[in-house]
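Take a look at the structure set out below.
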Amino acid sequence: MKNLVEELRWRGMLQDMTPDTEQQLNKEMTAGYIGFDPTAASLHIGNLVSIMLLVHLQKAGHKPFALVGGATGMVGDPSGKSEERKFLDEEVLRHNQECIKKQLAKFLDFDAGANSAEMVNNYDWFKEMGFLQFLREVGKNLTINYMMSKDSVQKRLETGLSFTEFSYQLLQGYDFYYLFKNKNVKLQMGGSDQWGNIVTGTELIRRKDGGDAFALTTPLLTKADGQKFGKSESGNIWLDATMTSPYKFYQFWLNTNDAELPKLLRIFTLWDRETIEAFDNEPDKNKVKRELAREMTTRIHSENDYEQAVKASELLFKGSLDDFQQTEENILNEIFEGVPQVEISKEEYSHTANVVDLLSVATGGQLFASKGDAKRMLKDGGVSINRQKASEDTPMNFELLKEKYLLVQKGKKNYFLVKLI
RNA sequence: GGGGAGAUUCCAGAGCGGCCAAAUGGGACGGACUGUAAAUCCGUUGUUGUAAUGACUUCGAAGGUUCGAAUCCUUCUCUCCCCA
């Protein structure tokens with residue numbers, strides 16, 4: 001058994017622990033869990049931090065449990081949220097649960113003997129429980145005073161907090177208790193925003209059962225300037241290839257801030273200390289980013305996806321129009337799978353009078369939402385077509401690449417393929 | 001149940017009868033500089049455009065007053081605070 005705490009410590013993944021957590025982990029194989037609420041159809045790279053905690057737990061010889069929050073997802077966690085959220089409808093939740101379950105399954109080893117991973121869904125033990133039973137079994141053990149003192153609750157007293165969200169901590173607390181009783185799970189981990197919810201669980205276990213349970217949290221991942229991590233211009237970075245293409249995923253890592261690299265390497269990769277420290281000292285930061293992007297893209301997606309992403313990136317960022325012309329069409333299609341493509345009929349293209357129309361209405365607003373938007377960007381010199389800066393009165397006589405493509409650049413990094421069909 | 005405050009463009013937050021498509025800040029996007037980095041500086045940030053003190057749609061919802069409303073009145077919906 002490896003020393004998990006030591007490992008997390010040097011990786012900077014340790015925020016807080018309850019007393020004696022380290023002793024417990026070093027004493028015996030310990031089962032630990034982390035919950036994931038099905039708020040979307042895919043996990044994102046923020047969740048990946050939690051997943052890595054489970055991975056490290058398992059690698060250290062302990063038993064990881066991934067909990068899908070089928071029940072808690074129906075209520076909504078107020079932690080870190082500034083306002084009450086809308087309910088997701090049950091059908092969406094069920095769909096999300098299934099998707100998340102599949103994703104989680106990819107990261108853990110479910111066939112590792114004694115410390116095989118397990119997946120549970122808290123809906124399974126909450127669906128049978130009635131409200132009265134819940135009040136008697138759970139509610140009685142904790143005081144309102146205790147619940148009110150939580151950070152997540154305090155922050156919401158001004159802006160409003162429904163009874164439902166207020167109760168969330170009890171549900172999560174009961175999860176821990178249930179897993180403690182039935183699966184001998186003694187540890188719950190999570191982001192530091194989960195601390196309050198987690199210790200509600202250890203408290204419940206202590207009061208109901210006199211049992212000893214432990215908590216361990218990891219710092220919330222933020223950008224160097226304190227902002228939320230894991231968002232790009234186009235929103236969240238999802239682990240699902242249909243929601244964030246491998247090309248975009250690869251680009252995301254490639255575009256990370258230099259200052260964040262040491263942190264990212266420690267949190268997201270499984271590389272050992274020597275390797276990572278060597279990267280810290282590497283002066284060519286782009287090289288480090290390429291390695292990171294490679295590691296992440298191959299692990300989350302696949303070797304092949306990674307290769308396509310690299311090829312697409314090379315062709316778009318470094319290649320000339322000639323390189324483009326010379327690439328075989330079927331290869332081109334494959335490479336550009338993840339690059340946004342916009343289709344337009346030849347008919348429509350031939351009737352399009354100017355660049356502004358082409359970039360806005362003719363392409364259904366996918367490149368630019370409106371004509372005004374397109375014009376503004378053209379005026380600012382932010383648009384290139386086939387590598388040539390375009391302006392409002394650029395004539396519509398572009399050479400079609402492969403007789404059917406136009407390569408459109410919005411800014412330096414956003415590429416689109418306009419495809420004539 | 002009683003009393004008070006409020007709902008403004010992505011967010012925060014000004015405006016409180018015409019000069020308001022709506023200050024300011026943040027975010028986002030673009031440009032310059034670079035390394036597909038950061039910092040910095042500059043620009044853009046409702047639609048449409050004969051490009052204009054133009055037209056159209058926006059200031060929680062629906063009505064009304066007025067030559068004219070984000071601004072006044074009525075009703076409704078929602079939120080917060082205080083008292084019971």
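From a predicted model like this one, the values you see are computed outputs, not experimental measurements. Residue numbers start from 1 in every chain, and the chains themselves are labelled A, B, ... in the order their sequence lines are given, proteins ahead of strands.
Counting only distance, with no hydrogens or angles, the side chain of A:Lys412 and the backbone of A:Gly382 share no donor-acceptor pair below 3.5 Å.
Side-chain proximity of A:Met377 to the nucleotides B:C29, B:G35, B:G49 is greatest for B:C29. Here the nucleotide nearest the side chain of A:Lys412, chosen from B:U34, B:U36, B:G35, is B:U34.
Nucleotides B:U58 and B:C10 have their P atoms positioned 14 Å apart, rounded to a whole Å. Atom C1' of B:G18 sits at a distance of 6 Å from the matching atom of B:G68, rounded to the whole Å. For the C1' atoms, the distance linking B:A62 with B:C29 amounts to 37 Å, nearest Å. Separating the P atom of B:G13 from that of B:G6 is a span of 13 Å, rounded to the nearest Å. Spacing of C1' atoms, B:G4 relative to B:U9, comes out at 28 Å, to the nearest Å. When the C1' atom is used for both B:U65 and B:U79, the distance is 29 Å, rounded to whole Å. Using atom P as the reference point in both B:A61 and B:U71, the two lie 11 Å apart (nearest Å). A gap of 25 Å separates the P atoms of B:U57 and B:C16, to the nearest Å.
Residue whose closest nucleotide on RNA chain B sits further toward the 5' end, between A:Lys375 and A:Ser313: A:Ser313. When each of A:Asp258 and A:Val383 is assigned the nucleotide of RNA chain B bearing its nearest heavy atom, the one mapping closer to the 5' terminus is A:Val383.
A cation-pi contact, defined as under 6.0 Å to the ring centre and within 45° of the axis, is absent between A:Lys410 and A:Phe416.
In this structure, CD in A:Gln308 is found 4.5 Å from CD in A:Glu334, a value given to the nearest 0.5 Å.
By the side chain to side chain donor-acceptor pair (under 3.5 Å) test, A:Lys289 pairs with A:Asp258, sequence neighbours left out. Every residue two or more places apart in sequence or in another chain was checked for a side-chain contact (heavy atoms from CB on, under 4.5 Å) with A:Ser149, and none qualifies.
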Atom pairs under 3.5 Å: protein N/O with N/O of nucleotides 41-45 of chain B:
residue: B:U44; atom: O2'; partner: A:Arg376; partner atom: NE; Å: 3.3

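Atom pair A:Asn414:CG and B:U36:P shows a separation of 15 Å (rounding to whole Å applied). A:Asp284 places its CG atom 13 Å from the C1' atom of B:U36, with the value rounded to the nearest Å. For the pair A:Glu392 CD and B:G49 C1', the interatomic distance rounds to 10 Å; values are reported in whole Å. Between the P atom of B:A37 and the CZ atom of A:Phe317 lies a distance of 9 Å, rounded to the nearest Å. In this structure, A:Asn257 places its CG atom 15 Å from P of B:U36, rounding to the nearest Å. Rounded to an integer number of Å, the gap from A:Leu161 CG to B:C81 P is 10 Å. In this entry the distance linking NZ of A:Lys413 with P of B:C29 reads 9 Å, nearest Å. Remark: P of B:C10 and CG of A:Asp373 are 14 Å apart, rounded to the nearest angstrom.
In this entry B:U9 has no Watson-Crick or G-U wobble partner, no candidate having both defining distances under 3.5 Å. Across all strands shown, B:G18 is found opposite B:C67 as a Watson-Crick or G-U wobble partner, with both distances under 3.5 Å. With a cut-off of 3.5 Å on both pairing distances, B:A84 has no Watson-Crick or G-U wobble partner at all. Across all strands shown, B:U48 pairs with B:G54; the Watson-Crick or G-U wobble distances both stay below 3.5 Å. Nucleotide B:U74 is matched to B:A62 when pairs are restricted to Watson-Crick or G-U wobble geometry with both distances under 3.5 angstrom. Applying the Watson-Crick and G-U wobble criteria (two distances, each under 3.5 Å), B:G35 pairs with nothing in any strand.
At the phosphate of B:U36, neither OP1 nor OP2 sits under 4.0 Å from any side-chain N or O atom of A:Lys318. When the side-chain nitrogen and oxygen atoms of A:Ser370 are compared with OP1 and OP2 of B:G46, none of them lie within a distance under 4.0 Å.
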Given side chain to side chain donor-acceptor pair (under 3.5 Å), test A:Asp193 with A:Ser79 step by step and report yes or no. CA-CA 6 Å; A:Asp193 61 332; A:Ser79 303; 5.6 Å; no

Starting from the C-alpha separation in whole Å, work towards a yes-or-no answer on salt bridge (Lys or Arg N to Asp or Glu O under 4.0 Å) for A:Glu291 and A:Arg294. CA-CA 5 Å; A:Glu291 284 303 313; A:Arg294 177 162 79 118; 3.3 Å; yes

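Taking the six-membered ring where tryptophan is involved, the planes of A:His301 and A:Phe249 are perpendicular, since the angle between them exceeds 60° and thus also 30°.
Checked by atom type, the side-chain pair A:Trp195/A:Asp151 shows no donor-acceptor distance below 3.5 Å.
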